[in-house]
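Data block below; observations after.
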Amino acid sequence: MNIVQAMRDPNLFGPHFTGDTWGAWEAFLDALFALPMSETALTLYRQHTGRTAPPAEAFVMAALICGRRAGKSRILGLIATYLSAFRDYTPYLAPGEVATVAVIASDRKQARTIFRYISGALASVPMLARMVQDETNETIMLSNRVVIEIATASFRVTRGYTFAAVLADETAFWRSDDTSANPDEEIIKAIRPGLSTIPGSMLLLASSPYAKRGILYKTFRKYWGQDDARVLV
C-alpha cells in the first residue's frame with residue numbers, strides 16, 4: 001500500500017484527511033514518492049514546483065515552503081507515520097540497532113506538534129497501535145525496530161543516529177548566521193551521515209517562508225523549477 005492509498009483508506013488515515021482541501025497535498029505525495037499522477041495532480045505539481053515532467057523516481061530530499069495553516073504539520077506527521085510503520089529497515093540494521101525517524105525543530109515545543117500527530121495516527125488504528133512498545137513525551141518505540149524521536153536543532157544532538165527519515169520543521173527560522181552555535185547548514189551537514197546507511201532514507205525541510213537566507217532559501221534558489229534536480233521543492 002502506498003502512502004496516498006493509506007491516506008485515503010477509511011480504516012487507516014482517511015478519517016484524518018476528509019474533504020477536498022487535501023488535493024494539493026496528495027499531488028505533493030504523488031511527486032515525493034513517484035506515484036502515478038492524475039491530470040489534476042499533474043497540473044498542481046507543475047504549478048507548485050515549476051517543473052514540467054512528473055518524477056520518474058522517488059525523492060530522498062524535499063523542501064516544503066508553505067503558508068501558515070497549510071496543513072504541513074499533519075502531512076509531515078502522516079509521512080513520518082507511514083515511513084515508520086509501513087517499511088522494513090531490518091536488512092540495513094546491525095544487531096541491537098534501530099532506525100530513527102526524527103522530528104527536529106528549533107525547540108522541543110515546536111517539534112511536539114508533529115509528534116502529537118504521529119502519536120495520534122498510530123493510536124487511532126488498532127493494527128498500528130499494537131506496534132507501539134513504549135511511548136514517552138519525546139519517543140515512540142515500535143515493534144519493527146523503529147524509533148520516532150523529537151530533538152532540538154543542534155549539530156551535536158543529531159550525531160550517531162541511523163536515520164530512516166529526518167523531518168526538519170520551520171527551518172526558515174533556524175539560526176543561519178556564522179555567530180550561531182548551531183547554524184542551520186551545519187545541522188543538516190551533521191544529519192547526512194546518519195541518512196547514508198538506509199537506502200531511500202528521506203530528509204524533509206519544511207517551513208513557512210521567512211528571510212531570504214539559510215538552508216531553506218538556498219535549497220529553493222538551487223532546485224526550484226529544475227526538472228532534473230534530485231531535490232523536490
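Positions are given from 1 along the sequence. Keep in mind that this is a model prediction, so the values were computed, not measured.
Cation-pi geometry between Arg230 and Phe59 is met: under 6.0 angstrom from the ring centre, within 45 degrees of the axis.
Separating the CE atom in Met61 from the OG atom in Ser201 is a distance of 12.0 Å, to the nearest 0.5 Å. Asp184 CG to Tyr217 OH: the interatomic distance, rounded to the nearest 0.5 Å, is 14.0 Å. Atom OG of residue Ser143 and atom CZ of residue Arg130 lie 10.0 Å apart, to the nearest 0.5 angstrom. Taken to the nearest 0.5 Å, the CZ atom of Arg116 stands 8.5 Å off from the CG atom of Asn137. Atom CZ of Arg51 sits about 12.5 Å away from atom CG of Leu42, to the nearest 0.5 Å. Ile140 contributes atom CD1, which lies 12.5 Å from atom CD of Gln133 (distance to the nearest 0.5 angstrom).
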> Would Glu170 and Arg68 count as a salt bridge (charged side-chain N to carboxylate O under 4.0 Å, His left out) if you check the C-alpha gap in whole Å, the side-chain angles of each, and the deciding distance to 0.1 Å?
Replying inline: CA-CA 11 Å; Glu170 294 297 354; Arg68 295 181 65 184; over 6 Å; no

> Taking it one step at a time, do Leu142 and Leu122 satisfy side chain to side chain contact (heavy atoms under 4.5 Å, CB included)?
Replying inline: CA-CA 10 Å; Leu142 302 182; Leu122 291 168; 4.2 Å; yes

> Checking side chain to side chain contact (heavy atoms under 4.5 Å, CB included) for the pair Asp169/Leu76: CA distance, chi angles, key distance, verdict?
Replying inline: CA-CA 9 Å; Asp169 195 28; Leu76 288 176; 4.1 Å; yes

> When you look at Phe28 and Ile79, which way does the side chain to side chain contact (heavy atoms under 4.5 Å, CB included) test go after all the steps?
Replying inline: CA-CA 11 Å; Phe28 164 73; Ile79 294 170; 4.0 Å; yes

>> Could you walk me through whether Gln5 and Phe13 satisfy the side chain to side chain contact (heavy atoms under 4.5 Å, CB included) test, starting with their C-alpha distance in whole Å, then the side-chain angles of each, then the deciding distance to 0.1 Å, before giving a yes or no?
In response: CA-CA 9 Å; Gln5 291 169 335; Phe13 310 121; over 6 Å; no

> Given Tyr92 and Glu97, is the side chain to side chain donor-acceptor pair (under 3.5 Å) satisfied, shown in steps?
Replying inline: CA-CA 9 Å; Tyr92 313 109; Glu97 188 178 24; over 6 Å; no

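The closest side-chain heavy-atom distance from Ser207 to Trp174 is not below 4.5 Å. The side-chain heavy atoms of Ile65 and Leu216, taken from C-beta on, include a pair separated by under 4.5 Å. Leu64 is not listed as a side-chain neighbour of Leu205, based on a closest heavy-atom distance of 4.5 Å or more. Between Arg8 and Glu26 there is a side-chain heavy-atom pair separated by less than 4.5 Å. No side-chain heavy atom of Val166 sits under 4.5 Å from any side-chain heavy atom of Leu204. Side-chain contact between Leu195 and Val60: absent, with no pair of heavy atoms (C-beta onward) separated by less than 4.5 Å. Ile104 places none of its side-chain heavy atoms less than 4.5 Å from the side chain of Leu167. The side-chain heavy atoms of Val146 and Tyr89, taken from C-beta on, include a pair separated by under 4.5 Å.
More than 12 heavy atoms of other residues, nucleotides or ligands sit less than 6.0 Å from atom CZ of Phe17.
Put simply, Val98 and Met202 are part of two different groups of oily side chains (I, L, V, M, F, W, Y) that touch within less than 4.5 Å, one to the next. A chain of hydrophobic side-chain contacts below 4.5 Å, direct or via other Ile, Leu, Val, Met, Phe, Trp or Tyr residues, connects Ile187 to Phe220. Taking hydrophobic clusters as Ile, Leu, Val, Met, Phe, Trp and Tyr residues chained together by side-chain heavy-atom distances below 4.5 Å, Ile114 shares a cluster with Val132. By the criterion of side-chain heavy atoms lying less than 4.5 angstrom apart, applied directly or through intervening Ile, Leu, Val, Met, Phe, Trp or Tyr residues, Leu128 is grouped together with Val101 in one hydrophobic cluster. Side-chain heavy atoms closer than 4.5 Å link hydrophobic residues (I, L, V, M, F, W, Y) into clusters, and following such links, even through other members, never connects Ile3 to Leu203.
Between Val103 and Ala111 the shortest heavy-atom distance is CG1-O, 3.8 Å. Smallest separation of non-hydrogen atoms from Asn144 and Arg87: ND2-O, 3.8 Å. Contact record, Pro55 with Ala31: CG-O, 3.4 Å, taken as the closest heavy-atom pair. The two residues Trp224 and Gln47 come nearest to each other via the heavy atoms CZ2-O, 4.5 Å. Nearest heavy atoms, Thr18 versus Pro15: CG2-O, 3.7 Å. Considering all non-hydrogen atoms of both residues, Leu35 and Leu29 come closest at CD1-O, 4.2 Å.
Ring geometry for Phe33 versus Tyr82: interplanar angle over 60°, hence perpendicular rather than tilted (30 to 60°).
Although no hydrogens or angles enter the test, the distance criterion places a donor-acceptor pair under 3.5 Å between the side chain of Tyr45 and the main chain of Ala53. At distances below 3.5 Å, not a single donor-acceptor pair connects side-chain atoms of Trp22 with backbone N or O atoms of Met7. A donor-acceptor distance shorter than 3.5 angstrom exists from the side chain of Thr43 to the backbone of Glu39, with no hydrogens or angles considered. Thr136 places a side-chain N or O within donor-acceptor distance of the main-chain N or O of Glu138, the cut-off being under 3.5 Å.
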